[in-house]
Amino acid sequence: MEQEMPKAYQPQRFEAEMYKHWEESGCFTAKRVPGRKPFTIMMPPPNVTGQLHIGHALVSTMQDILIRYHRMKGDPTLWLPGTDHAAISTEARIVAAIAKEGLTKQDVGREKFLERAWAWKEKYGGTIVEQLRRIGTSCDWTRERFTMDEGMSRAVTEVFARLYEKGLIYRGERIINWCPNCRTTLSDIEVVFEEQRANLWHIRYPGEDGSEGVIIATTRPETMLGDSGVAVHPEDGRYSRLAGKNVMLPILNRPIPVVFDEYVDRAFGTGAVKMTPAHDPNDFEVAQRHNLPLIRVMRDDGAMNELAGPYAGMRALECRKLVVEELTKLGLLVKVEPHTHNVGTCYRCGKTVEPLTSLQWFVRMEPLAKPAVAVVKERKTRFVPPRFEKNYLNWMENIRDWCISRQLWWGHRIPAYYCDACGEMVVARAAVETCPKCGRPMRQDEDVLDTWFSSALFPFSTLGWPEETEDLKYFYPTSVLVTAYDIIFFWVARMIFSGVEQMGQTPFHTVLIHGLVRDALGRKMSKSLDNGIDPLDIIEQYGADALRFALVFGLAPGNDINFSLDKVEAARNFANKVYNASRFVLMNLDEAEPLKGKPLELADKWILTRLNACVRDITVNIEACDPSLAAQRVYEFAWSEFCDWYIEWAKPRLMDGVPEQKKTAQAVLLYGLKGLLRLLHPIMPFLTESVWLKLPGTEGTIMLADWPVADPAYEFPAEAAACGGVIEAIRAVRGVRAEMKVEPSRRVRLMLRPAGEAWAEALASSESALLRLCGGSAMEILKADENVREKTVSAVCPAAEILIPLGDLVDFEKETARLEKEKASVAMEISRAESMLSNEGYLAKAPAQLIRQTREKLESNRQMLVSIEKRLEGLLERSHV
RNA sequence: GGGGUUAUAGCUCAGUUGGUUAGAGUGCCACGUUGACAUCGUGGAGGUCGAUGGUUCGAGCCCAUUUAACCCCACCA
């Protein structure tokens, strides 16, 4: 068996094979078990043409940990994967590909363009799901969905129609965010504000009657061409003279009214604001109140249109420059002040976004937001960590209508049909050919929906909705949704209101939020910095398990993680440790030794008790959605307890023990390893499975092995504590040896003076391990008052005073100094414990358990102090001899 | 303007409801390879837990104030 296992952990040898084995075994596939509560996760669908990046690796690992845990627990488990068509980003790539042929998308035409898009999807759509397999995601590929597949498209149309019928979707001329570069609308959250330094231009608008008029202040002089009024505050005495008057818009010489509105901040600028309702959301609202006309002066490509008069066709910035020059010439430019303000930019291309009026489709948010706020406030959906709940509520409570139409081709086409002849419009679930009013042909809306409109339906559209499928009935609502904080608004919030509206129930009870993966210096990974880490490279070099472990280890809930190769290396080393511990167990195992009925020794009871503790802790950690703590805990158990102590302690029995002792050690090793592998499996699935399949006495995949449960039959608190004392004794001896510079190869005799009967027994029963683990050649138990005449150094610990004859190596001065130091620290402990125990408040309020521990500690420290003092006396006497 | 996060060992970070001796990884120092593992072992050095005040028998953790860095939301022309 051991021939199959090379010395070093080589994940490349088995990872692909393990995954194939799993996928073929069918255990990823969810099964409905009536009467049993399922555990369900909907995978955040990666973009169909995307490449796996480190963020995917993190979110997949987090989900996979939860899924594998629940599957082992025996819950019917569904992890449904999918991909997203990602309207704008995919379209941009295809446009770019077409551009390489020297064509535009208009040259190609809508139909051919979509053909290309689908071909692109077919070609690249499979890569990301293959890459997800590489990191071990155990999702149900038989249920894989795509946001534009037939069923999900149907769900999109259905939701659109329902919301329209309820009056929750409407079409209207509103101020929207327009990206002149991408040539499409953007929703409010797709606009990224950037601070920019600019000017505040003060411009005089003369009175229509030739009076001095008013001075306005603006950051965008070019939009004045679209002004349809000037607003001042109703209580601003400076401007009451203008009531009912018009002023002249310079350059275009158009009379525009002065209106009075509380929106105006008297303290800012001149207290007079030009109203450009077609290009500013606030002006738009003021204009609505005062019936000011919308005058749009910009084209879709960002250039000025014919209403801009002499500036038609110019780019906005060029227009600005010329307008300012012209105003200067006219003597109407009063002042220019430097001014810093925020400018909206496109989240995709980074270009300045133009607010402008346009006829678009919107979702009326207020009625949808209310119940979506309620489900979170009522804790039907909770956020982990909870602080993100505030973010969510704040956004949802101040939400504005959602512009959902996009001027793109790749996406779900809006199911609205227009009759150009009579102006009729219908929204329908199936294509409408002829106008129901006049019978003439109808044409479908050209636009598609925001890509998030379809992903908002993911928790139920993937299960077959609007059909009442068995899957839908069984798996909805889902359990946990795992995602990064940066898409709470884009996706999580929209899933919640969509789920509540369409299904009447929140789509998931827990939202597990994680942070972003950054580079070792905390910078965002980006192409321009070239600091990106490709998860596939890591997998090839270190293995998927190492990557997974590195991603979740030492990660605070919801915080960003600084990822570095150091971390991966540490994780790989841990994998190697577990691998080699497994190899050791396998090499020393004859057959499957059952643990039941074996006569357990001290160390056996210790490790079994520690395993129970580990099982309890990790179960709690995973239930609390904290894989990081689980990883730390299993790391500690595996390395510091199982490997560092138990395996080493078991060696004498395996090598020199009588058959019965050997068999017991083998049984405990096997039992412990099986526990460890199962606890580690959700985090490191490949390694644990590959070992599991080699272990005697295991049947089938570890994926379906029972999640460990703490076994009261193997809970030995007293023995575990005694063993802990022996461990301390071993550490004490090692410490003394190192300090006295005793060659590691030099065996020493140990004389133990136990600190009581119980310790005497524990130490005596641990003789072989004790000798082996601290380089002892022989061990002798001293009586309490027995004197030793040899030259010795001593190690003092709660279990015993240990005397080590070192002959010439014993340097009295050095030993005295060492003991004095130890004495001081023990004495300090004693005085601290004494002061605590004489504190009435402490005695009255601290838990009894804690007080008892303090007393015990005080007692053992006092004993140690006595031992140390005796040793010191002895040394002094001897040094005077 | 509103909200949030972070500050703990040289570096990167953990530290669940307050429990008294603050941990890990990595780096550093010393020593060590006859077989689970040098992707290792043993021992060690290294921290007044950003600052100040408060609550408490007890504070890295709770409260207030404060300093610094970062993030989100809002978008006053």
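Reminder, nothing fancy here: chain letters follow the sequence lines and each chain counts from 1.
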For the base of [N], is there a side-chain donor-acceptor partner from [X] under 3.5 Å away?
X	N	result
Arg734(A)	U42(B)	no
Lys7(A)	C37(B)	no
Glu739(A)	A30(B)	no
Asn342(A)	C75(B)	yes

With ring centroids as reference points, do His339(A) and Phe268(A) lie under 6.0 angstrom apart?
yes
For this output row, return yes or no: ring centroids of Phe14(A) and Phe686(A) closer than 6.0 angstrom.
no
At 4.0 Å (heavy atoms only), tell me whether [X] reaches a base, stays on the sugar-phosphate, or touches nothing.
X	result
Pro281(A)	nothing
His339(A)	sugar-phosphate
Cys774(A)	nothing
Ala581(A)	base
Asp283(A)	nothing
Phe574(A)	nothing
Arg400(A)	sugar-phosphate
Phe489(A)	sugar-phosphate
Tyr579(A)	nothing

Rounded off to whole Å, could you give me the [atom1]-to-[atom2] distance for the [X] and [N] pair?
X	N	atom1	atom2	result
Arg832(A)	C57(B)	CZ	P	20 Å
Phe193(A)	C75(B)	CZ	C1'	5 Å
Met684(A)	U39(B)	CE	C1'	12 Å
Leu673(A)	C37(B)	CG	P	16 Å
Phe549(A)	A24(B)	CZ	P	14 Å
Tyr485(A)	C71(B)	OH	P	9 Å
Trp649(A)	G41(B)	CH2	C1'	18 Å
Lys845(A)	A59(B)	NZ	P	13 Å

Would you call [X] and [Y] a salt bridge, using N to O less than 4.0 angstrom?
X	Y	answer
Arg862(A)	Glu829(A)	no
Arg633(A)	Glu636(A)	yes
Lys741(A)	Glu739(A)	no
Glu859(A)	Arg855(A)	no
Arg266(A)	Asp236(A)	no

For the residue pair Tyr9(A) and Arg572(A), establish whether any side-chain heavy-atom pair is separated by less than 4.5 Å.
yes
Would you measure the distance from the [atom1] atom in [N] across to the matching atom in [M] and give it in whole Å?
N	M	atom1	value
U21(B)	C37(B)	C1'	32 Å
U16(B)	A36(B)	C1'	35 Å
G47(B)	A24(B)	C1'	14 Å
C11(B)	G50(B)	P	14 Å
G41(B)	U34(B)	C1'	15 Å
G23(B)	G15(B)	C1'	7 Å
C61(B)	C75(B)	P	38 Å
C63(B)	U55(B)	C1'	7 Å

For RNA chain B, produce a single dot-bracket line, 5' to 3'. Pairs: Watson-Crick or G-U wobble, both distances under 3.5 Å. Symbols: ( ) within strand, [ ] crossing, | other strand, . unpaired.
(((((((..((((.....[...)))).(((((.......))))).....(((((..]....))))))))))))....
Listed nucleotide nearest any side-chain atom of [X], set [options]:
X	options	result
Glu648(A)	U39(B), A36(B), C57(B)	A36(B)
Lys857(A)	C37(B), A77(B), U21(B)	U21(B)
Ala8(A)	A36(B), U39(B), A14(B)	U39(B)
Tyr263(A)	A77(B), U12(B), G43(B)	A77(B)
Asn839(A)	C40(B), C37(B), C57(B)	C57(B)
Ala738(A)	C40(B), A77(B), G43(B)	G43(B)

Could you say whether Ala556(A) or Leu200(A) is positioned toward the 5' end of RNA chain B, judged by the nucleotide with the nearest heavy atom to each?
Ala556(A)
Which is more 5' along RNA chain B, the nucleotide nearest Glu829(A) or the one nearest Lys274(A)? Just name the residue.
Glu829(A)
For [N] and [X] - does any side-chain N or O of the residue sit under 4.0 Å from the phosphate oxygens OP1/OP2?
X	N	value
Arg737(A)	U42(B)	no
Trp639(A)	U39(B)	no
His202(A)	A77(B)	no
Lys651(A)	G35(B)	no

Before you tell me yes or no, could you show the steps for His290(A) and Phe260(A) under side-chain contact (heavy atoms from CB on, under 4.5 Å), namely the whole-Å CA-CA distance, both residues' side-chain angles and the distance that decides it to 0.1 Å?
CA-CA 9 Å; His290(A) 299 279; Phe260(A) 293 80; 5.6 Å; no
Glu354(A), Arg320(A), His279(A), Lys274(A) screened by side chain to side chain donor-acceptor pair (under 3.5 Å) with Thr223(A), the one that passes
Lys274(A)
Using atom names, set out every protein N or O paired with an N or O of nucleotides 3-11 of chain B below 3.5 Å, distance rounded to 0.1 Å.
unit_1 : atom_1 : unit_2    : atom_2 : d
G4(B)  : OP1    : Lys390(A) : NZ     : 2.8

Could you check whether the rings of Phe549(A) and Phe553(A) sit parallel, tilted or perpendicular, using 30° and 60° as the cut-offs?
parallel
Evaluate side-chain contact (heavy atoms from CB on, under 4.5 Å) for Met864(A) paired with Lys823(A), printing each intermediate quantity in order.
CA-CA 8 Å; Met864(A) 278 164 63; Lys823(A) 181 182 163 186; over 6 Å; no
Which distance, rounded to the nearest 0.5 Å, do you find between the CE of Met525(A) and the CD1 of Ile533(A)?
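Going from the CE atom of Met525(A) to the CD1 atom of Ile533(A) covers 4.0 Å.
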